[in-house]
Visitor: 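Can you keep this structure in mind? I'll have questions shortly.
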Amino acid sequence: MFPGDPTASGRVARIGDREMDMGDNDAIQAPVGAAAPATPEDAGPFFETVVRGSAEELLDAGAHGELDAMRHSSAHVMAEAVMGIFPEAQLGIGPAIDDGFYYDFLLPRPLTPDDLAAIEDGMRASIAADHLFVRKEVPFEEGRAFFAGRNQPFKVEILDDLAAKAKEAGTAVPRTSTYQHGSFVDLCKGPHVASTGKIGPFKLMTVAGAYWRGSEKRPMLQRIYGTVWSTQDELEAYLTRLEEAKRRDHRRLGVQLDLFSFHDVSPGSAFWHPKGQRLWRTLETAIREVQDRRGYQEISTPMLVHKKLWEQSGHWANYQDSMFVMESEGQTFSLKPMNCPESTIIYKSRLRSYRDLPLRLSEFGRLHRNERSGTLSGLTRVRHFVQDDAHIYLRPDQLQDEIKALLGEVYEVYGWFGLDPKFTFGTRPDKALGDQALWDTAESQIKAALDSLGKPYRIKPKDGAFYAPKIDIQIEDALGREWQTATIQVDLVMLPERFDCTYIDENGEAVRPMTIHRAIYGSLERFIGVLVEHFAGAFPVWCAPVQAVVIPIADRHIDGARELEALLKARQLRVEVDSSDSRMQNKIRLAQEQKVPYMLVLGDREIEARTVAIRNRAGEQENGVTWDAFIDRLAEETAARRP
RNA sequence: GCCGACAUAGCUCAGCGGUAGAGCAGCUGUUUCGUAAACAGCAGGUCCUCGGUUCAAAUCCGAGUGUCGGCUCCA
């Protein structure tokens, strides 16, 4: 409902994230790790009936299936190694994920980097031994007794849940499926590679805490993440990719490019340095120009708001803990965590006619949310942020056109950055509020608008909010990582009903408008973070904080440089002069490091002819360009907002 | 919030019980230079904070704060 919400699934996926693939490796459904007896003999008769699986049984079709199988097998091998060091370890689950695998353990003490090295050694030994993976099915009770007997309560819990589920469904209790390699046995549905020797080059990456079954109420286990690939080259490529992502990290580049910083006096809130603020202002000016052209009217509402507004919106009950609350004269106020309720106050400040609609109220709203301390992360997860928010009040018959216009707006804005927006349509959830017919109409209008794009889009059934269907917009950055930025959310009940918004229709009746919440950048903070990483700090010319650096070769060229600077500034272009006594080479180096698009070298020849020698950040050079020609060119490039 | 790691000069980092270090940046001087680092000198630190152990703490221990990697949450 609150568009561009940067805290909501902001980062859809990025390199290094490992939580993504848990869905199909759910503890109940999927490969689950298990306990290992020290030796097959310990396991007793359980092993006597083990049947060797053929390679065909063990593998899914296709190379991807094989890679997943190898990753899952790696998790087993890792668990084996961990059990070798901590025989009392209790095993959680150990699925394959994007780029690798993990396994969760309950251990007697926290793991250290040395432990990881030892575990890797254990894994290498197991791989060298080339144990076969063998599958075995036994009756449920036998399997349960096995894991119970080996002090593996998590495995027993998984089995009990499977049984309960079967009972509920009225089906037979499933047999217990296990895989064994060497002496290690795990509760698991497979598939696996044929033998441990098939496991490719791997590396254990990190240890992290993870709640058992993702519940804060359950114990926290230690999760070891690993990566594994078919070839050494692939492993190295993956590690290189991580390095590249690190190199582009906006938190690192933010310091390097002097854009913003964080300070512990206000955790989760960026301090914008002059260059960052210049970038910010450029983006804000650009979208404001679009909004003016597209019929928005900008408003501004208070940051400090009485709690009764949040009670009315319904958020006090649900999100009070995440709001910054304060008392004054016996009254309770909070910093606003969203803009929408206050926009209704302006909407309702006078009677609205059907002729006024659509009424598009935009606001660069500064929001504060008291996010839990452990969730804060750079610009992508913050406590203070600004949304390029808007609330559109409209008649139901205007919905489709308005959505089309908004999709066009997204294309226009994202085109400035060369970003290709992807749309995800979230439809009516089971718990939806409001009139079914209204939902149907809204959904068909949204669908028609999306269809009119002539481009494929994703549909997530039942992913809409309980009050409205929505379109989420994702972008893919230069490293192929996907980010959630914009949203367009049709609100059928929340603002219209709870705040009792009406307009007077042609018949003089007061009727309900529909509303749309939308944000194009989403959170300016996060959008800038994404841009920094996407461009690795080398912003398009039109929005670069410093578009050009004038580089006088010697001191006698400084006056000329100042003159050129003044001419550029007179055209609103963002330019600096490097008047330090460094050599030209060093000035160029600094400008390159700052990813400045144009370096304008001025020496005797140039001053004489009122030209510049242009070097761009790709290292290409163009000599003898007149000042006027360059100024016009830069002004044109800036106005065009080319990516 | 939870688990773990980390916190030393503006930045990147070394030092890990016995006088606080380097490179870059900064300042001063020399240099005035043609497309990714001129040369020299100087200055720069409550070693995150508070408490404890010790003859002695940047170093060991505890608490707090922040950051990072995850988990959970994300209107």
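Numbered from 1 within each chain, the chains take letters A, B, ... in sequence-line order.
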Visitor: Can you find a side chain N or O atom of A/R109 that sits less than 4.0 Å from OP1 or OP2 on B/rG4?
Guide: no
Visitor: Say whether A/S300 and A/E363, considering side chains only, have a donor N or O and an acceptor N or O under 3.5 Å apart.
Guide: no
Visitor: Report the C-alpha distance between A/D491 and A/Q489 in whole Å, list the side-chain angles of each, state the deciding distance to 0.1 Å, and finish with yes or no for side-chain hydrogen bond (donor to acceptor under 3.5 Å, both in side chains).
Guide: CA-CA 6 Å; A/D491 181 358; A/Q489 308 188 358; over 6 Å; no
Visitor: Quantified in whole Å, what is the C1' atom distance between nucleotide B/rG51 and nucleotide B/rC24?
Guide: 37 Å
Visitor: Can you tell me how far C1' of B/rG4 sits from CG of A/D115, to the nearest Å?
Guide: 12 Å
Visitor: Roughly, in whole Å, what's the span from CE in A/M220 to C1' in B/rC73?
Guide: 12 Å
Visitor: Thinking salt bridges, do A/E576 and A/R562 make one under a 4.0 Å N-O criterion?
Guide: no
Visitor: Checking base pairs now: Watson-Crick or wobble, both atom distances under 3.5 Å. What partners B/rU67?
Guide: B/rA5
Visitor: Round to a whole Å and report the spacing from CG of A/D98 to P of B/rG70.
Guide: 13 Å
Visitor: Say whether A/H384 and A/R366, considering side chains only, have a donor N or O and an acceptor N or O under 3.5 Å apart.
Guide: yes
Visitor: For the side chain of A/A554, counting heavy atoms from C-beta on, which of B/rC71, B/rU32, B/rC33 is nearest?
Guide: B/rU32
Visitor: Using a strict threshold of under 4.0 Å (side-chain N to carboxylate O), is an ion pair present between A/K422 and A/E482?
Guide: no
Visitor: What's the gap between B/rC47 and B/rU72 when it is taken at their C1' atoms, as a whole Å value?
Guide: 35 Å
Visitor: Using whole Å, report how far CD of A/E371 lies from C1' of B/rC71.
Guide: 16 Å
Visitor: For the residue pair A/W627 / A/E606, report whether a side-chain donor-acceptor contact shorter than 3.5 Å exists.
Guide: no
Visitor: Rounding to the closest angstrom, what is the interatomic distance between B/rC55 and B/rA14 at atom P?
Guide: 31 Å
Visitor: Write down the partner of B/rC55 under the Watson-Crick or G-U wobble criteria, each distance required to be under 3.5 Å.
Guide: B/rG18
Visitor: Categorize A/R556 for me: base, sugar-phosphate, or nothing, with a 4.0 angstrom heavy-atom threshold over every strand shown.
Guide: sugar-phosphate
Visitor: Pairing check on B/rU30: which nucleotide meets the Watson-Crick or G-U wobble criteria with it, both distances under 3.5 Å?
Guide: B/rA38
Visitor: Ion pair present between A/R605 and A/E608, side-chain N to carboxylate O less than 4.0 angstrom?
Guide: no
Visitor: Return the set of residues passing side chain to side chain donor-acceptor pair (under 3.5 Å) with A/S343 (not counting sequence neighbours), or none when no residue passes.
Guide: A/Y393
Visitor: Of A/Q222 and A/Y319, whose nearest nucleotide on RNA chain B comes first from the 5' end?
Guide: A/Q222
Visitor: State plainly whether the residues A/R381 and A/E371 are in salt-bridge range, i.e. N to O under 4.0 Å.
Guide: yes
Visitor: May I ask which nucleotide in the shown strands pairs with B/rA43, Watson-Crick or G-U wobble, both distances under 3.5 Å?
Guide: none
Visitor: Quickly work out the A/R218 CZ to B/rC3 C1' distance and round it to whole Å.
Guide: 17 Å
Visitor: Is the closest side-chain donor-acceptor distance between A/R213 and A/Y211 under 3.5 Å?
Guide: no
Visitor: Indicate whether any N or O donor in one side chain lies under 3.5 Å from an N or O acceptor in the other, for A/Y598 and A/E637.
Guide: yes
Visitor: Rounded to the nearest angstrom, tell me the gap between atom CZ in A/R605 and atom P in B/rC33.
Guide: 13 Å
Visitor: In the strands shown, is B/rG62 matched to any nucleotide by a Watson-Crick or G-U wobble pair with both distances under 3.5 Å, and which?
Guide: B/rC50
Visitor: Across all strands, who's sitting opposite B/rG23 as a Watson-Crick or G-U wobble pair, both distances under 3.5 Å?
Guide: B/rC11
Visitor: Between B/rG64 and B/rC71, how far is it from one P atom to the other, in whole Å?
Guide: 24 Å
Visitor: Taking atom P in both B/rG23 and B/rC61, what distance in whole Å separates the two?
Guide: 31 Å
Visitor: Could you list all N or O pairs between the protein and nucleotides 35-38 of chain B that sit under 3.5 Å apart?
Guide:
residue : atom : partner : partner atom : Å
B/rU35  : O3'  : A/R615  : NH1          : 3.2
B/rU35  : O2'  : A/R615  : NH1          : 3.0
B/rU35  : N3   : A/Q621  : NE2          : 3.3
B/rU35  : O4   : A/Q621  : NE2          : 3.2
B/rA36  : OP2  : A/R615  : NH1          : 3.3
B/rA36  : N7   : A/R615  : NH2          : 3.3
B/rA36  : N6   : A/Q592  : NE2          : 3.2
B/rA37  : O4'  : A/N586  : ND2          : 2.9
B/rA37  : N7   : A/R589  : NE           : 3.3
B/rA37  : N7   : A/R589  : NH2          : 3.3
B/rA37  : N6   : A/R589  : NH2          : 2.6
B/rA37  : N1   : A/R589  : NH1          : 3.4
B/rA37  : N1   : A/R589  : NH2          : 3.2
B/rA37  : N3   : A/R589  : NH1          : 3.1
B/rA38  : O5'  : A/R583  : NH1          : 3.4

Visitor: From CG of A/D258 over to C1' of B/rC24, roughly how many Å is that when rounded to an integer?
Guide: 16 Å
Visitor: Specify the separation, in whole Å, of atom CD1 of A/I558 and atom P of B/rC33.
Guide: 13 Å
Visitor: Nearest-nucleotide wise, let me know which of A/P110 and A/D604 is further upstream toward the 5' end of RNA chain B.
Guide: A/P110
Visitor: What's A/S322 touching, base or sugar-phosphate or nothing? Going by heavy atoms closer than 4.0 Å.
Guide: base
Visitor: If I pick the P atom on B/rG62 and the same atom on B/rG4, what distance separates them, to the nearest angstrom?
Guide: 12 Å
Visitor: Are any protein N/O atoms closer than 3.5 Å to N/O atoms in nucleotides 66-68 of chain B? If there are, list each pair with its distance.
Guide:
residue : atom : partner : partner atom : Å
B/rC68  : OP1  : A/R251  : NH1          : 3.2

Visitor: Would you measure the distance from the C1' atom in B/rU59 across to the matching atom in B/rC16 and give it in whole Å?
Guide: 4 Å
Visitor: Which nucleotide sits closest to the side chain of A/Y225: B/rC11, B/rC71, B/rC33?
Guide: B/rC71
Visitor: Quick check: any donor-acceptor pair below 3.5 Å linking the side-chain of A/R252 to the base of B/rC11?
Guide: no
Visitor: How many angstroms lie between atom CD1 of A/I488 and atom CD1 of A/I520, to the nearest 0.5 angstrom?
Guide: 6.0 Å
Visitor: Given the C1' atoms of B/rC13 and B/rU8, what is the spacing between them in whole Å?
Guide: 9 Å
Visitor: Report which part of the nucleic acid A/G214 touches: base, sugar-phosphate, or nothing (heavy-atom distance under 4.0 Å, all strands).
Guide: sugar-phosphate
